[in-house]
Protein chains: 2
Amino acid sequence: MVSKPDKPAPIGEDVSLARAAASKTQTRIQREKTEAILTAALDVFSTYGFRGSTIDQIAKQAGLSKPNLLYYFDSKEAIHSLLLERLLETWLEPLKKLDPAADDPVAEIIAYVHRKLEMACDYPRESRLFANEILQGAPRIMDQITGPLKDLVDEKAAVIEGWAEQGKIAPVHPYHLIFSIWATTQHYADFDTQVSAILGERSETCFEDACDHLTTMFTKLLRP
Amino acid sequence: MVSKPDKPAPIGEDVSLARAAASKTQTRIQREKTEAILTAALDVFSTYGFRGSTIDQIAKQAGLSKPNLLYYFDSKEAIHSLLLERLLETWLEPLKKLDPAADDPVAEIIAYVHRKLEMACDYPRESRLFANEILQGAPRIMDQITGPLKDLVDEKAAVIEGWAEQGKIAPVHPYHLIFSIWATTQHYADFDTQVSAILGERSETCFEDACDHLTTMFTKLLRP
DNA sequence: CGGCTTGCTGACCATTTGGTAAATATCAGA
DNA sequence: TCTGATATTTACCAAATGGTCAGCAAGCCG
């Protein structure tokens with residue numbers, strides 16, 4: 001019943017959750033259910049994308065009825081938005097940790113690669129959710145891309161360029177280095193289906209092999 | 001009117017096109033329209049994935065009415081299937097060309113990288129169509145993955161391993177090398193939205209820069 | 001216990017979606 | 001120009017989908 005009365009000034013921007021964050025004091029049930037919904041939604045959205053996913057699907061997976069789910073979130077889009085919002089925080093973290101003052105820049109970048117690969121393998125659904133959104137032209141997070149993400153990349157690219165100029169790492173195109181790191185690591189999450197199918201039994205050592213391979217590759221690329 | 005009478009033995013496998021390839025002799029209009037539909041469908045499917053795309057959307061983009069579109073194809077799935085079928089042929093070609101008898105294996109692999117990158121940049125929609133399908137768990141092309149694709153990769157991985165053993169290239173994990181090549185090249189098609197947003201004006205030299213970067217990276221990785 | 005808030009359900013609704021049928025328009029060749 | 005095949009449209013349908021609403025059930029707290 002709070003849905004409509006709660007939006008007296010629908011300027012259009014605040015299309016977020018209903019009860020979930022509306023009140024500061026969440027009940028136990030609210031916490032449990034919203035979390036269950038978000039988990040289920042992550043599963044579904046990351047597989048089928050926004051348009052290909054249905055509320056029924058999410059509700060079913062969360063063990064709720066559709067109206068019950070819509071009691072916690074105002075709309076399908078609200079769930080998706082919250083998911084993306086949360087995602088971007090954790091998404092930027094590995095790159096944020098890249099220390100401009102590191103003693104050994106090569107090791108520092110390799111450490112970043114490892115963080116990224118670990119994230120891709122530990123949170124493949126998050127990676128796929130992001131991939132799906134970008135594939136569709138990033139309609140719902142374009143401002144996050146051109147804003148915080150771009151700023152962070154610009155900053156770190158400058159750091160990398162600085163290292164290259166000082167001769168601490170081999171000369172590289174910093175942006176394309178970052179793209180290569182993203183591409184190679186996220187590949188193991190986004191294209192897991194393909195990777196597993198091709199590796200067959202070799203899949204068991206996939207993570208270790210990938211880690212070795214990427215370490216070698218980027219070390220050779222960056223060593224001055 | 002050929003839709004139902006044409007399927008007296010619906011064993012379930014031959015869910016393909018209606019008129020398009022039913023008769024060997026296609027009329028001019030059939031050729032034009034089916035092509036228009038496939039082009040439109042590629043646009044739509046590559047952006048929204050199978051489930052997120054609608055027939056109306058495709059029909060509209062192709063400049064046809066929905067029933068008219070369904071006169072040429074039996075179903076949404078038929079269009080998608082045909083697109084994937086066509087895709088896989090061209091998709092495997094660059095790797096097929098990798099010559100086991102090449103004089104300079106490093107140059108041969110770099111040439112493969114170039115072919116792949118060029119394909120990603122020339123046919124981004126095809127790359128995204130494929131990405132979407134894999135993201136969704138490859139429900140419609142799993143047998144193509146575990147069949148022809150895996151076979152080809154196995155074959156070429158053996159070639160690469162042979163080169164490594166002969167000391168013609170540095171020791172690498174052949175499968176992960178291939179994954180890295182796929183990931184880095186296709187990234188420019190699949191994540192174009194992100195790449196463009198981050199590069200900003202630098203996007204103009206993106207292809208050349210990417211080409212340089214990947215050439216350097218894989219050369220350093222592979223040189224014995 | 002009693003009452004108020006919170007949580008949940010079944011029935012419902014408008015729109016969209018994949019697909020069909022019959023009637024009509026267009027075309028290409030004799 | 002006539003005719004049969006090809007092409008296209010209008011009208012339709014059943015199912016799915018996003019979302020609402022009134023009312024009922026639980027939880028909680030004095």
Side-chain angles (χ1 to χ4, degrees), chain A residues 1-7 10 15-37 40-41 44-45 48-81 140, chain B residues 1-7 10 15-37 40-41 44-45 48-81 140:
Chain A
M1 296 98 176
V2 205
S3 34
K4 276 285 146 61
D6 258 357
K7 295 188 249 168
V15 198
S16 52
L17 43 169
R19 260 135 299 267
S23 56
K24 289 286 172 185
T25 53
Q26 273 185 284
T27 71
R28 169 187 56 90
I29 293 180
Q30 275 170 1
R31 244 174 293 124
E32 285 173 8
K33 294 294 166 73
T34 50
E35 217 45 52
I37 292 170
V44 176
F45 281 139
Y48 299 106
F50 181 74
R51 293 197 32 177
S53 304
T54 69
I55 297 188
D56 297 78
Q57 228 179 327
I58 298 170
K60 196 174 176 183
Q61 181 136 356
L64 282 86
S65 67
K66 182 169 60 165
N68 195 11
L69 181 150
L70 286 164
Y71 170 73
Y72 292 101
F73 288 89
D74 273 348
S75 66
K76 181 178 162 184
E77 191 150 1
I79 309 176
H80 195 253
S81 294
R140 275 166 279 274
Chain B
M1 295 98 178
V2 205
S3 33
K4 274 287 147 59
D6 257 357
K7 294 189 252 170
V15 196
S16 52
L17 43 168
R19 263 132 299 267
S23 56
K24 289 286 173 186
T25 53
Q26 273 185 282
T27 72
R28 169 187 55 91
I29 294 179
Q30 274 169 1
R31 246 172 292 124
E32 287 172 6
K33 293 293 165 76
T34 49
E35 218 44 53
I37 292 169
V44 177
F45 281 138
Y48 299 106
F50 181 73
R51 293 196 33 175
S53 305
T54 70
I55 297 187
D56 298 79
Q57 228 179 329
I58 298 170
K60 196 173 177 184
Q61 182 137 353
L64 282 86
S65 67
K66 181 171 59 167
N68 195 11
L69 180 149
L70 286 164
Y71 170 73
Y72 291 100
F73 288 89
D74 274 348
S75 66
K76 181 179 162 184
E77 191 150 1
I79 309 175
H80 195 252
S81 294
R140 276 166 279 273

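Order of the sequence lines sets the chain letters (A, B, ...), proteins ahead of strands, with each chain counted from 1.
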Rounding to a whole Å, what distance do you find between B:Ile55:CD1 and C:dG19:P?
5 Å
Distance, rounded to the nearest Å, where B:His80 contributes NE2 and C:dG19 contributes P
13 Å
Nearest-neighbour nucleotide for the A:Lys76 side chain, D:dT8, D:dG19, C:dC8 considered:
D:dG19
Nearest heavy-atom contact between B:Ser53 and B:Tyr48 is OG-CB, 3.6 Å
Would you say D:dT8 has OP1 or OP2 under 4.0 Å from some side-chain N or O of B:Lys33?
yes
For C:dT9, take OP1 and OP2 only and decide whether either is under 4.0 Å from a side-chain N or O of A:Asn68.
yes
Under-4.0 Å side-chain N/O to phosphate OP1/OP2 contact, A:Gln30 with C:dG7:
yes
Measure CD/B:Glu32 against P/D:dA7 and give the value in whole Å, please.
10 Å
Applying side-chain contact (heavy atoms from CB on, under 4.5 Å) to B:Lys66 and B:Leu70, what does each step give before you reach the verdict?
CA-CA 6 Å; B:Lys66 181 171 59 167; B:Leu70 286 164; 4.1 Å; yes
Write down the atom of A:Arg51, the atom of A:Lys76, and the distance for their closest heavy-atom approach.
O-NZ, 4.0 Å
So B:Phe45 and B:Ile58, side-chain contact (heavy atoms from CB on, under 4.5 Å) or not? Walk me through it.
CA-CA 9 Å; B:Phe45 281 138; B:Ile58 298 170; 3.8 Å; yes
At a heavy-atom distance below 4.0 Å, what parts of residues 56-67 of chain B sit against DNA chain C?
B:Asp56, B:Lys66, B:Pro67
Could you state the interatomic distance from CG (B:Leu64) to CG (B:Leu69), rounded to the nearest 0.5 Å?
6.0 Å
Can you check side-chain contact (heavy atoms from CB on, under 4.5 Å) on B:Tyr72 and B:Ile79, steps first, answer last?
CA-CA 9 Å; B:Tyr72 291 100; B:Ile79 309 175; over 6 Å; no
For C:dT9 and A:Tyr71 - does any side-chain N or O of the residue sit under 4.0 Å from the phosphate oxygens OP1/OP2?
no
Of the candidate nucleotides C:dG19, D:dG19, D:dG18, which contains the atom at the shortest distance from the side chain of B:Leu70?
C:dG19
Could you please name the option among C:dG7, D:dG18, C:dG19 that lies closest to any side-chain atom of B:Ser75?
C:dG19
Using atom types as modelled and distance alone, determine if a side-chain donor or acceptor of B:Lys33 lies under 3.5 Å from a backbone N or O of B:Ala62.
no
Rounding to an integer number of Å, can you tell me how far A:Leu69 CG sits from C:dG7 C1'?
13 Å
